[in-house]
Structures are given as C-alpha cells and as structure tokens.
There are 2 protein chains.
Amino acid sequence: MIGFNRNYFHMNAATTPATKPAAPMLALEHFLPYRLSVLSQLVSTSIHDRYFQPSGLTIPQWRVMAILGRFAPVSASEVCDRTLLDKVTVSRAIAALRQRRLVQRTVDPGDRRRSALGLTPEGQRLHQQIAALALDYERRLLQGLTSAERTALDRLLQKLTGHARAMRMPTSARQPRHPDT
Amino acid sequence: MIGFNRNYFHMNAATTPATKPAAPMLALEHFLPYRLSVLSQLVSTSIHDRYFQPSGLTIPQWRVMAILGRFAPVSASEVCDRTLLDKVTVSRAIAALRQRRLVQRTVDPGDRRRSALGLTPEGQRLHQQIAALALDYERRLLQGLTSAERTALDRLLQKLTGHARAMRMPTSARQPRHPDT
DNA sequence: GGCTGTTAGTTTCATTTGAAACTAATTTCG
DNA sequence: CGAAATTAGTTTCAAATGAAACTAACAGCC
C-alpha cells in the first residue's frame, strides 16, 4: 500500500467551510457520471467475457445483432441512433455480420441508399442463444432488488436518459428520431 | 423511414404465450445493461465534448486526473482498479500527463516498483477548473429529480455496482481492494 | 432538365487500443 | 540464502477506432 492523508468528503460539491473561497470538491465516488461509467463498464465486460466471447462477436457486433433482433427491419443509421455507436463502427460490424451470414440486407426500393437490415435464421438462432444468457445475467444482477426498487430504477434511468439526451444538443442539431429507448 | 411489422413487448423475458416453447425475448429498451451503456456513453461524451475537449485531455487522461484529484497519492494500479481502465491505458495516460507537468510521480522507497502519483499544482488548477464544470453538468443532469429520487438513485447504483463486482469474479481472482466506490 | 445541397453508407488513414511479451523489483518457499 | 513465482509498470505489435474524405442516391429549387 502506498499513501494516506486522504480527505474524506461525503457529499459532492461540498459546501466549503466558509473560511475558504468556493472551491467545489469533486467527490468522485459520488459523482454520477463516474459511477455510471464504472457500473456500465463492469456490466458490459462481464457479459462480453462470459457470454459472447465464445461466439467470436465483438461488442459492437453484438449490439447490432441485439438491435436487429428487437427492431428489425431497420436501417444502419437507425442502428447508430439506438446504440450511439459511430456509423463507421456500425458499417463494419454489419459487414462482418453479413460475411458470417448472421445478418441480411435488402436495399430499400423506395430509397436505394438505404437498406433494411435483419437477422438471418442463423442470426436469429445465435441471437436467441445469447439473449437467453444475457437475460439470465440481468436477472442475477437485479436479484436483491425489490420490485419497488426495480420500478424506481426504471423510472430513474428513463428520466436521466431523457435529460442527458436533451442536454447533448450542442454538437449541431441531431434528430431524436426515437420516441422510445 | 424503413419498415415495420415490429413486435412490441413491454417486459423483458416476456412470459411466452403458453402455445410456444420458452423463448425469452430480449426487449432491448428495457434491458438494463443496454440502458446503462447508452446513458453512460451519453453522459461521458457530453462532458468530454463540452468541458475538457478544449484542455486537450483524452477521456482516460481526465479519468486519471479525477482519481488523483480525489485520492492522491495513489499507485498506477490503484488507478486501474478504480477506473476499470486497462493498465496500458493508464500507463500511457500517466506518461502524457507527466509530460505536460500535470502529474508528478514519486517512487515509493518501500517498494521501488511502485510510485505514488499526484497532481502538480498546475494539475490541481486544471482539475479544479474541469471539476467545477463537471459538477455543474451533474447538477443539471439531476435537476428534476426529487431529493428522494436522488437518494434512491444513490442506493440503487451502490447495490448494482456491488452485485456487478461480485459477479465479475470468474476472470481469475481479483482483489477487491476498494471498500468504497 | 440540371445545378446545389443533403443523406446513407463506405473507404482511407492516422491514432488509439489492449493482449502478450518484457523488465525490474519483491515475495514465497524449499 | 536463492530459485521460482508474483506484482508494478512499460513496450511491442496487430487490431479496432473514428474523423475526414469519398461515392452514390435522393431532394429542392430555378
């Protein structure tokens, strides 16, 4: 172990002791973005390591499959919107998945730039397999939360995501495009 | 817009309609890992784009600074544990931050492999600056949540993170090492 | 029709990433 | 003690990433 003399604060933006000028302290372990990042990272890598490592899918590839499993047919750009993955990443994931015959594409006759993406039967099978495992993970993760807590969690995530989306605007207007999520 | 005939389920692992064999459906928009990922991504990139893009810090660099600002002195591996960043990433972030004279390192005399890391005065100034902005972002993100909701959120994140950490074990025993977070 | 601008998606290329190998210091244990 | 195993941290190298440029199809407008 290394060293010591740490300052413990137990509120973010601790109101300073009146003697000092306002210098808000960042109590990292209570800082929401940090906590979200740690939790999300933890969960994503757990699931990846355990469940779809063996299938040889990368995380973006799995995300795309998950979207398709749920919302097909969709266009690539809708996948981007829903996953927040970069369009390059999505383009490559789709290419790889098509190569493996897990995803199929049909050019939209009304607009030949777009294409409708969906899972092949084989893709559906794999999706089903991984989905079962992922849901099991989620179930275990949520064990110990009461039904009320789950409801609360649901509402909170919804609210926060809504705010976060609203607050993101600056980077040149973006289409919301998805009522749900 | 593309296409259509979507299935709407509004619960994860929807109990199947008795006529079909159990095929749990992954209702992505209700799937916790997915929602966490989207939210966390949204928040992290918002903060990055707005606040420390100008300082020229990368996300890992900022994370390291945030840890040091809060917990210095710490070793590099403790930074890894706390951020869940890869040790290579941390090593490089530290190298860059030292180059910029934002971070300083003192070799631990008791164990000359380790070093105690901390912010330089200049690093502290920058940290302080960014922290203020980040906290402001957090404040705005949490606006609209009642005090009770915030408490609930806090508890939920704590619980979930605890579970997630516990469930991660498989990948060859890991030291918990941090009571907090 | 035919410019001008926009959108869907891909390709290029320089940067970032992380697994694996490595160095160096420390600990374990016969 | 000293060989073998472990840990902190760095370097290497191949793969993943994403910003910017590009292609192709569409939309608006005169």
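Quick caveat: nothing in here was measured; it's all calculated off a predicted structure. Just so we're on the same page: letters track the sequence lines, and every chain starts at 1.
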Think [X] has a side-chain N or O under 4.0 angstrom from the OP1 or OP2 of [N]?
X: A/T89; N: D/dG18; answer: yes
X: A/S91; N: C/dT10; answer: yes
X: A/S77; N: C/dG9; answer: yes
X: A/R98; N: C/dG9; answer: no
X: A/S115; N: C/dG9; answer: yes

Taking [atom1] from [X] and [atom2] from [N], how many angstroms apart are they, rounded to a whole number?
X: A/Q41; N: C/dG18; atom1: CD; atom2: P; value: 8 Å
X: B/L117; N: D/dT10; atom1: CG; atom2: P; value: 9 Å
X: A/L84; N: D/dT17; atom1: CG; atom2: C1'; value: 16 Å
X: A/E78; N: C/dT7; atom1: CD; atom2: C1'; value: 15 Å
X: B/R105; N: D/dA8; atom1: CZ; atom2: P; value: 15 Å
X: B/H48; N: D/dT17; atom1: NE2; atom2: P; value: 17 Å
X: B/L85; N: C/dT17; atom1: CG; atom2: P; value: 9 Å
X: B/L97; N: D/dT10; atom1: CG; atom2: P; value: 12 Å

Checking B/H163 now: which residues fulfil ring pair (Phe, Tyr, Trp, His ring centres under 6.0 Å) with it, not counting sequence neighbours?
none

Considering only C/dT10, D/dT17, D/dG9, which nucleotide approaches the side chain of A/P60 most closely?
D/dT17

Looking at A/D108 and A/R112, is any side-chain nitrogen of the basic one under 4.0 Å from a carboxylate oxygen of the acidic one?
no

Identify, with sequence neighbours excluded, every residue that meets salt bridge (Lys or Arg N to Asp or Glu O under 4.0 Å) alongside [X].
X: B/E122; result: none
X: B/R150; result: none
X: B/R125; result: none

Could you tell me whether A/R82 sits above the aromatic face of A/F71, with NZ or CZ closer than 6.0 angstrom to the six-membered ring centre and within 45 degrees of the axis?
yes

Base contacts versus sugar-phosphate-only contacts with protein, heavy atoms under 4.0 Å: please encode nucleotides 19-28 of chain C as B, S and - from 5' to 3'.
BB---BBS--

Indicate every side-chain donor-acceptor pair of residues 87-97 of chain B with a distance under 3.5 Å to a residue at least two apart or in another chain.
none

